[in-house]
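The structure under discussion appears below in the form of structure tokens.
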Amino acid sequence: MIARRQEICAEQQFGLNRLYDLVDEGAYADLRKLHRELDEAVAACYGWPTAIAQDKDEIGRRLFALNVEIARGRGYDPFAWRAGEASAEQLGFPAV
């Protein structure tokens, strides 16, 4: 993704703001696809359904809830759900 982003910016001689304005307008579908794949991989690492990867509101809610738990002193093991210690839902994240 970074290589593709650098390639576009170098070819077109513009910065990231312009690039992402164009992506938001529908340009560079390949870069948009790379971002979606990255978002889905990150969601999966949290143990969240990949379907929420593009739901900014849900991602925000989940990250905020996680931050609150960490601020309250709860130990944070991002992969505990994989070890069978707790599911994402048991950690307070609703199933989607």
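Position 1 is the first residue of the sequence; numbering continues from there.
Pairs of residues two or more places apart, or lying in two chains, never qualify as salt bridge (charged side-chain N to carboxylate O under 4.0 Å, His left out) while including a residue from residues 9-23. For residues 52-72, no residue pair satisfies the ring pair (Phe, Tyr, Trp, His ring centres under 6.0 Å) rule, not counting sequence neighbours.
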Derivation and outcome, side chain to side chain contact (heavy atoms under 4.5 Å, CB included), residues Arg62 and Trp48: CA-CA 9 Å; Arg62 287 174 182 243; Trp48 300 340; 3.0 Å; yes
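From Leu31, atom CG reaches atom CG of Leu19 across 5.5 Å, with rounding to the nearest 0.5 Å. The CD1 atom of Ile8 sits 5.5 Å away from the CG atom of Asp30 when rounded to the nearest 0.5 Å. Interatomic distance, Asn67 CG to Arg72 CZ, rounded to the nearest 0.5 Å: 10.5 Å. Note: Leu34 CG to Arg4 CZ = 8.5 Å, rounded to the nearest 0.5 Å. Note: Glu40 CD to Cys45 SG = 12.0 Å, rounded to the nearest 0.5 Å. Note that CG of Asp55 is 11.5 Å distant from CG of Asp39, once rounded to the nearest 0.5 Å.
Judged by distance alone, the side chain of Arg32 and the main-chain N or O of Val23 form a donor-acceptor pair under 3.5 Å. Judged by distance alone, with hydrogens and angles left aside, the side-chain atoms of Gln13 form a donor-acceptor pair with the main-chain N or O of Ala10 at under 3.5 Å.
Listed by chain and residue number, nothing satisfies the ring-ring contact (aromatic ring centres under 6.0 Å, His included) test with Phe14 (two or more places apart in sequence, or in another chain).
When all heavy atoms of Pro49 and Ala43 are compared, the pair lying nearest together is O-CB, 4.1 Å.
Clustering ILVMFWY residues whenever any of their side-chain heavy atoms sit less than 4.5 angstrom apart, transitively, puts Ile59 in a cluster other than the one holding Val68.
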